[in-house]
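Worksheet for the structure shown next.
In what follows, every chain begins at residue 1, and chains take the letters A, B, ... in the order their sequences are listed.
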Amino acid sequence: MSKIKPSKGAPYARILGVGGYRPTRVVPNEVILETIDSSDEWIRSRSGIATRHWASPEETVAAMSVEASGKAIADAGISPEQIGAVIVSTVSHFKQTPAVATEIADKIGAGKPAAFDISAGCAGFGYGLTLAKGMIVEGSAEYVLVIGVERLSDLTDLEDRATAFLFGDGAGAVVVGPSDEPHIGPTVWGSEGDKSETIKQTVPWNEFHVGDVSKLPLNERGEIKFPAITQEGQAVFRWAVFEMAKVAQQALDAAGISADDLDVFIPHQANMRIIDSMVKTLKLPEHVTVARDVETTGNTSAASIPLAMERLLATGQAKSGDTALIIGFGAGLVFAATVVTLP
Amino acid sequence: MAATQDQIVEGLAEIVNEIAGIPVEDVQLDKSFTDDLDVDSLSMVEVVVAAEERFDVKIPDEDVKNLKTVGDAADYILKNQDGGIKKV
């Protein structure tokens, strides 16, 4: 038997740079109220959302990703050719193959890096970050670009008063690279497939192919509705607040960080009520800065954590070197939490 | 030991006060959580989880929608507390 030479990676990994892209069009609640019977006050009280961004036809998943990636690469102080792998987490890129990661890798000038998409809903950023860390430490890439990107406006039922106001579009990206010290903690992650019905796409795409309209959702005018994301609000709220607070605590414990040591908390920007209740359940100290980007960005699924991270740093609410707890959770159900040093 | 209905209502009143800021004396058996006590669907989940911990009872998501009034919740807890075995 021949001896295979082992790969050699870096001792540890860290986030070196972050970038975000928010579509130009800002959509206030008044626009949402054109298609649902609700009020600005109701939407704000249930979700904390005042505005969200909706992408134009030109602001594609790839185009938004390229913008966010360019900023992340510049922030990291590396050149695009140094990127060894591109990981894209999205549920709203409608061309199933090839992976959009390959197009993005090409457009940012990264040469020929490994490039692939993952599907892990609102936990996608944490899943991608965990893969990136593993690849860097294992030695298959020196720098990895992790992108969370969504055009959830394409998967929103504007006539569903429970979700019409919730979702937004955008892209967030980070560059992960080698480090002599640990700056990304152990990931606490997992899935609960027995709860797959709580957040889901209304109908699978192949129902359209089969052409049996009896299985397709119709609007009031009898027209076939495009698939959308639906959720059971109370069940999701209970799981997100109370079960995810336990996962967040496990991630702190795994990293050997106490709540007092923490500077920043960046939960997935699902809903302000979930964020507020998580902060209360976790008993986070007053000094911890909490990301509340959902107010003006809406829920952007896989993009929400890097977008919120970028905004906290850009506005000076957080600074490079701060210790942050991040947690993503969503359709699957899936979750991923870890402690990181901010870039 | 299982709680009496009075103790359950008293406990629910404290929970609703903590979560929604409603005065404890306003939390009466015939009061609707949403219409009278300003407890919306998400706050209701917080009330339910707090009640589960306080009264050692499990209230699954599918049962929460049936708990319209304080009396509904008190009856549910009374019947299901301590794993569903009613103790005297």
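- Options B/V45, B/I19, B/V49, B/L42 differ in how many heavy-atom pairs under 4.5 Å they form with chain A, and the most are formed by B/L42.
- Summarising the local packing, CG of A/D261 is surrounded by more than 12 heavy atoms from other residues, nucleotides or ligands at distances under 6.0 Å.
- The CD atom of B/E18 lies 6.0 Å from the NZ atom of A/K280; values are rounded to the nearest 0.5 Å.
- For NZ of B/K65, the number of neighbouring non-hydrogen atoms (other residues, nucleotides, ligands) closer than 6.0 Å is greater than 12.
- A/T281 is linked by a side-chain contact (heavy atoms from CB on, under 4.5 Å) to A/V241, A/F242, A/A245, counting only residues two or more places apart in sequence or in another chain.
- For A/D37, the CG atom is loosely surrounded, since the number of other residues' heavy atoms within 6.0 Å does not exceed 12.
- Between the side chain of A/Q234 and the backbone N or O of B/D61 there is no donor-acceptor pair closer than 3.5 Å.
- With rounding to the nearest 0.5 Å, the separation of CD in B/E46 from CZ in A/R273 is 6.5 Å.
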